[in-house]
Amino acid sequence: MMRLMGAAIAALCLALPAAAQTGTPDAALLARGRHLVEVTGACGNCHTPMGPQGPDMTRALAGGNVFDEPPFRAVASNITPDPETGIGRWTDAQIARAIREGIRPDGRIIGPPMPLGLYRGLSDRDVAAMVAYLRTVPPVRNAVEASVYRIPLPPAYGPPVASVPDPADNPVARGAYLANAVAHCMECHTPMVDGRNDFSRTGAGGMEFRGPWGVSVARNLTPHANGIGGWTDAEIIRAITTGVSQTGRPLAPPMAFWAYRNMTPEELSDVVSYLRSLPPQP
Ligand code: HEC
Ligand code: HEC
């Protein structure tokens, strides 16, 4: 009898993970949203207060990081559901519009360095998942200073986003979606000309990032000999998830290795397929 019960319990335990995966639509949507915000999208790389030890997860997404550059002094917003200092009073549609179109409920435009050009490509399903998850994070009271822009901001980043489907179900299309709309790899790794990415040279690298680490330069991620042409898949994945270059050199910030280390094996192999599909750039 005991043996039978033990077997029944073991069977139940084995069955549980599968049941949790299918779950209710809401649980699946929330899990997807958590993964997009915390891991692949790494919103916390900008929105979670950064200390010398990395992000302060006790105040996740509470804002306050300052991006001090010649054209602006931008301060990351508090995107927790605190009603006074965060986005607690915004509707789902208002949060989705802020992420995908860069427009706040009061009509004010959101400025750089938030990668708003690429977030326009987030699918309807994924932006809904992000919004659902953002509503569930612990509210943190943290009033952040206003950003100051010394450059004119555009009235909008494009026409209103009507509807964006999920990417086609093949590795290169999924990887392109992840590396652009979700993880904005290509924002950092594509050269900037006059303040805009030159997407005729997608992935060619060259952008400089200054911080407490000194200056880091985004590398060439195209399949050229100057890029990842001679790298194995495992070496590319190690760089993304642990911040170690092919030669073993530790990579400097601001890439979000701490978040990308939890990307799924499928996501990582899709991103590699996409990088290998790019036109090689010297
Ligand atoms: C590279 C840094 C960066 C990344 C990555 C980033 N943001 Fe932002 N975000 C900012 C900055 C800076 C602001 C404030 C800009 C301003 O003051 O106009 C902002 C503003 C916002 C706002 C407006 C909030 C308010 O109260 O006005 C929302 C919502 C938002 N971000 C959500 C997100 C989400 C969700 C993600 C991940 C998918 C994300 N951001 C990724 C830098 C970033
Ligand atoms: C916020 C900017 C930023 C984002 C976003 C970013 N990177 Fe990077 N990445 C860098 C910088 C800067 C370096 C170079 C660091 C150094 O040399 O110390 C780098 C280095 C790398 C390297 C190592 C290349 C080499 O030659 O050593 C790879 C591979 C890489 N990034 C892939 C990616 C992928 C894939 C993504 C998206 C999942 C991504 N990066 C997102 C800024 C970024």
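Atoms within a ligand are numbered from 1 in the order they appear, just like the ligands themselves. All values reported here derive from a predicted model rather than from experimental measurement. When reading the values below, keep in mind they use all heavy atoms of this one structure, side chains included, and skip hydrogens, waters and symmetry mates.
- Where the criterion is an N or O separation shorter than 3.5 Å, residue side chain and backbone included, Trp231 fails it with respect to ligand 2.
- Around CG of Asp106, the count of heavy atoms belonging to other residues, nucleotides or ligands within 6.0 Å exceeds 12.
- Heavy atoms of other residues, nucleotides or ligands lying less than 6.0 angstrom from CZ of Arg150 number more than 12.
- Contact atoms of ligand 2 toward Ser216: 12 (C) (distance under 4.0 Å to a heavy atom of the residue).
- The existence of a salt bridge linking Glu101 and Arg97 is confirmed by a sub-4.0 Å separation between a basic side-chain nitrogen and an acidic carboxylate oxygen.
- In this structure, Asp233 pairs ionically with Arg276, as a charged nitrogen and a carboxylate oxygen lie closer than 4.0 Å.
- Contacts between Pro115 and ligand 1 below 4.0 angstrom, taking non-hydrogen atoms only, involve the side chain exclusively.
- Side chains of Asp270 and Tyr177: a donor-acceptor N/O pair is absent below 3.5 angstrom, by distance only.
- The nearest protein atom to atom 18 (O) of ligand 2, hydrogens excluded, is given as Ala252 N, 2.8 Å; this is a heavy-atom distance.
- Contact annotation: for Arg249 versus ligand 2, heavy atoms closer than 4.0 Å belong to the side chain alone.
- Taking distance alone, with nitrogen or oxygen atoms compared against 3.5 Å, Val271 stays at or beyond that limit from ligand 2.
- Contacts with ligand 1 closer than 4.0 Å are made by no heavy atom of Tyr133, backbone or side chain.
- Below 3.5 Å of separation, one finds no N or O of Asn45 facing any N or O of ligand 2.
- Summary of contacts: the protein heavy atom closest to atom 41 (C) of ligand 1 is Tyr119 OH, 3.2 Å.
- Each of the atoms 15 (C), 16 (C), 18 (O) of ligand 1 lies under 4.0 Å from some heavy atom of Gly111.
- Any N or O atom pair closer than 3.5 Å counts here, and Arg104 shares at least one such pair with ligand 1.
- Residue contacts with ligand 2, taken as heavy atom pairs separated by less than 4.0 Å, do not involve Trp213 at all.
- Of the protein's non-hydrogen atoms, the one nearest atom 14 (C) of ligand 2 is Val217 O, 3.3 Å.
- With hydrogens and angles ignored, the 3.5 Å screen pairs no side-chain donor or acceptor of Thr40 with any backbone N or O of Leu36.
- Side-chain contact check for Arg125 versus Arg32: some heavy-atom pair is nearer than 4.5 Å.
- Counting only heavy atoms from C-beta outward, the side chains of Leu278 and Pro223 approach each other to under 4.5 Å.
- Protein heavy atom closest to atom 27 (O) of ligand 2, with residue, atom name and distance, is Ser245 OG, 2.6 Å.
- Using a 4.0 Å heavy-atom cutoff, Leu122 is absent from the residues neighbouring ligand 1.
- Between the side chains of Asp82 and Thr80, no donor-acceptor pair is found at a separation under 3.5 Å.
- A donor-acceptor pair under 3.5 Å links the side-chain atoms of His47 to the main chain of Ser77, judged by distance alone.
- Any N or O atom pair closer than 3.5 Å counts here, and Ser147 shares at least one such pair with ligand 1.
- The closest approach between Ala179 and ligand 2 stays at or above 4.0 Å for every heavy atom of the residue.
- For the residue pair Ser216 / Glu208, no side-chain donor-acceptor distance below 3.5 Å is found, with atom types taken as modelled.
- The atoms of ligand 2 that sit less than 4.0 Å from any heavy atom of Phe209 are 2 (C), 12 (C).
- Residue Met130 approaches ligand 1 through these ligand atoms, each under 4.0 Å from one of its heavy atoms: 38 (C).
- If you count the protein N, O or S atoms nearer to atom 8 (Fe) of ligand 1 than 2.8 Å, you get 2.
- Of the protein's heavy atoms, Tyr149 OH, 3.4 Å lies nearest to atom 15 (C) of ligand 1.
- Residue contacts with ligand 1 do not include Arg108, since none of its heavy atoms lies under 4.0 Å from the ligand.
- Within a 6.0 Å sphere centred on CZ of Arg34, other residues, nucleotides and ligands contribute 12 heavy atoms or fewer.
- Atoms of ligand 1 lying under 4.0 Å from at least one heavy atom of Val75, given by number and element, are 12 (C), 14 (C).
- With hydrogens and angles ignored, the 3.5 Å screen pairs no side-chain donor or acceptor of Asn220 with any backbone N or O of Gly205.
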**Message:** Between Asn78 and Thr85, does the side chain to side chain donor-acceptor pair (under 3.5 Å) criterion hold? Intermediate values first, please.
**Reply:** CA-CA 7 Å; Asn78 179 345; Thr85 63; 3.1 Å; yes
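- Residue contact check: His184 has heavy atoms under 4.0 Å from atoms 5 (C) of ligand 1.
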Show the numbers, then the answer: is there a side chain to side chain donor-acceptor pair (under 3.5 Å) between Tyr274 and Asn180?
CA-CA 10 Å; Tyr274 166 66; Asn180 288 281; 3.1 Å; yes
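- Taking a cutoff of 4.0 Å between a charged side-chain nitrogen and a carboxylate oxygen, Glu267 and Arg174 do not qualify as a salt bridge.
- Ring geometry for Tyr119 versus His184: interplanar angle over 60°, hence perpendicular rather than tilted (30 to 60°).
- Panel note: side chain Glu38, backbone His35; no donor-acceptor pair is recorded below 3.5 Å.
- Excluding water, every protein N/O/S atom under 2.8 Å from atom 8 (Fe) of ligand 2 is given here by residue and atom: His189 NE2, Met255 SD.
- Residues Arg89 and Glu84 have side chains in contact (heavy-atom distance under 4.5 Å, counting atoms from C-beta outward).
- Without hydrogens or angle criteria, Thr202 side chain to Phe199 main chain gives a donor-acceptor distance under 3.5 Å.
- Inter-residue side-chain proximity for Met207 and Asn197 is flagged as met; some heavy-atom pair is nearer than 4.5 Å.
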